Amino acid sequence: MNFIKSFNNNVALVKDKNNTEWVVIGNGIGFGKKTGDVVDESKIERRFIATENDNSQMETLSDISPKTIDITTKVVKLVEPLLQVKFNSYQYVVLADHLEFALQRADEGLDLADGTTSWSIKKLFPKEYDAAKQAVELVEKLTQKQLSDSEIVFITYHFLNLRSDGTGLHDTVKITKLIGQIVEIVQYQYGITLDNDSFNFNRFITHLRSFMIQHLKQTENHNDELDPAILKLMIAKYPKAYATVERIGNFLQQKTGWELQPDDKVYLTLHIWRVTHRQINNK
């Protein structure tokens, strides 16, 4: 690989033998380099194929301390196998930027607690929450600083975005709040506490998140609509689950303006029946 330009001593733009441009990250990777110089690939800890959007992202990264870049790389190495994901350049930069300010907040003793969602995010997204907890523990070990508990919640949001197909952090927070409120509706309607460790609960949460992302991005597809008779069958077979879906529909209409389509009602009815019936039968 040949050097093109440096964003800072640890972040550089390079070109491989096929003239493909890469953003590379590594300790001292850009130090003292001139255009055309050969890059020591053994120093590369992270690489991303460069895109038109990378300039602004890398300019942001150039303002982040080398120590935080090193920490971010270690966090990413920890998290990717835990969540079976791969960070792209944008996701890496966003996480690095967050960690930079998290460390500043730790120095200043600031806590940006979000009490409206922190109670539920651990139950709704336990896998991502656990990964965020491990990430915070790693950051604390590497820096000898203590981060606030709220950082686990905010980093969980970042990890949720890894699978959200471009959904922003604000939308992730909104989705999490809505899902928590929908779970409360189901629990109230049935008079039970849902088992958040169950397979059906995880399927229910995954379906709700996917449904909401589609609405936020306005990508819902009704080209292959279900037979209307199926909804009538759901109403007859699972009347309580359907009544709960209707209540959820009213809630979403009031909160977001979204309207549940017949297909949405069919799938939600099935998910609600599945997530509740076994617990009811075992009472």
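None of the values given here were measured: they were computed from a predicted structure. Heads up: numbering here begins at 1 and tracks the sequence.
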Practice task
Could you check Val183 against Lys123 for side chain to side chain contact (heavy atoms under 4.5 Å, CB included), going step by step and ending with a plain yes or no?
Solution key: CA-CA 11 Å; Val183 169; Lys123 291 184 177 180; over 6 Å; no
Problem - Centroid-centroid under 6.0 Å between His158 and Phe154 rings - result: no
Side chain to side chain donor-acceptor pair (under 3.5 Å) involving [X] - partner list, sequence neighbours excluded:
| X | answer |
| --- | --- |
| Lys74 | Asp70 |
| Trp258 | none |
| Arg203 | none |
| Asp130 | Gln134 |

Practice task
Begin from the C-alpha positions of Ile230 and Asp263 and carry the test side chain to side chain contact (heavy atoms under 4.5 Å, CB included) through to its verdict.
Solution key: CA-CA 9 Å; Ile230 296 178; Asp263 290 9; over 6 Å; no
Can you name the side-chain contact (heavy atoms from CB on, under 4.5 Å) partners of [X], sequence neighbours left out?
| X | result |
| --- | --- |
| Thr244 | Ile185, Val186, Gln189, Tyr190, Ile248, Ile272 |
| Lys237 | none |
| Asn18 | Asp16, Thr20 |

[atom1] of [X] to [atom2] of [Y]: how many Å apart, nearest 0.5 Å?
| X | Y | atom1 | atom2 | result |
| --- | --- | --- | --- | --- |
| Ser198 | Arg274 | OG | CZ | 12.5 Å |
| Leu252 | Leu268 | CG | CG | 8.5 Å |
| Met212 | Asp171 | CE | CG | 12.0 Å |
| Ile4 | Glu21 | CD1 | CD | 4.0 Å |
| His98 | Thr72 | NE2 | OG1 | 10.5 Å |
| His207 | Asn202 | NE2 | CG | 14.5 Å |

Heavy-atom side-chain contact between [X] and [Y] under 4.5 Å:
| X | Y | value |
| --- | --- | --- |
| Phe201 | Asp195 | no |
| Phe87 | Val79 | yes |
| Tyr238 | Thr276 | no |
| Ile71 | Leu103 | yes |
| Trp22 | Val39 | no |
| Asn161 | Gln91 | no |
| Val24 | Val11 | no |
| Met234 | Val245 | no |

Problem - Neighbour count above 12 (heavy atom, 6.0 Å) for Lys255 NZ - result: no
Exercise for the section: With sequence neighbours excluded, give me every salt bridge (charged side-chain N to carboxylate O under 4.0 Å, His left out) pair touching residues 79-100. Expected result: Arg46-Glu80, Glu80-Lys86
Exercise for the section: Applying side chain to side chain contact (heavy atoms under 4.5 Å, CB included), run through Val14 and Lys33 and close with a yes or a no. Expected result: CA-CA 11 Å; Val14 303; Lys33 293 291 184 183; over 6 Å; no
Show the nearest heavy-atom pair for residues [X] and [Y], with the distance to one decimal.
| X | Y | result |
| --- | --- | --- |
| Lys43 | Ile29 | CB-CD1, 3.6 Å |
| Thr176 | Leu124 | O-CD1, 3.8 Å |
| Phe159 | Glu128 | CD1-O, 3.8 Å |
| Gly36 | Asn2 | O-ND2, 3.1 Å |
| Thr156 | Tyr129 | OG1-CA, 3.5 Å |
| Ser148 | Ser150 | OG-OG, 2.8 Å |

Test of understanding: clusters of I, L, V, M, F, W, Y form through side-chain heavy atoms closer than 4.5 Å, transitively. Do [X] and [Y] belong to the same one?
| X | Y | result |
| --- | --- | --- |
| Ile192 | Leu208 | yes |
| Phe31 | Ile69 | no |
| Phe101 | Val153 | no |
| Tyr188 | Ile182 | no |

Completion exercise
Applying salt bridge (charged side-chain N to carboxylate O under 4.0 Å, His left out) to Lys265 and not counting sequence neighbours gives Glu246
Practice task
Kindly write out the residues that satisfy salt bridge (charged side-chain N to carboxylate O under 4.0 Å, His left out) with Lys77, not counting sequence neighbours, or none if the list is empty.
Solution key: none
Exercise for the section: Given side chain to side chain contact (heavy atoms under 4.5 Å, CB included), test Thr256 with Leu216 step by step and report yes or no. Expected result: CA-CA 10 Å; Thr256 68; Leu216 285 169; over 6 Å; no
Handout entry: Heavy-atom donor-acceptor pair, Ser210 side chain to Thr206 backbone, under 3.5 Å
Key = no
Practice task
State whether the side chain of Asn200 and the backbone N or O of Val275 hold a donor-acceptor pair below 3.5 Å, judged by distance alone.
Solution key: no
Completion exercise
So side chain to side chain donor-acceptor pair (under 3.5 Å) across residues 136-146, not counting sequence neighbours, yields Asp107-Lys145
Completion exercise
Residue set satisfying ring pair (Phe, Tyr, Trp, His ring centres under 6.0 Å) with Tyr92, at least two apart, ordered chain then number -> Phe48
Practice task
Give the ring-plane orientation class for Trp273 versus His277, where under 30° counts as parallel, over 60° as perpendicular and anything between as tilted.
Solution key: parallel
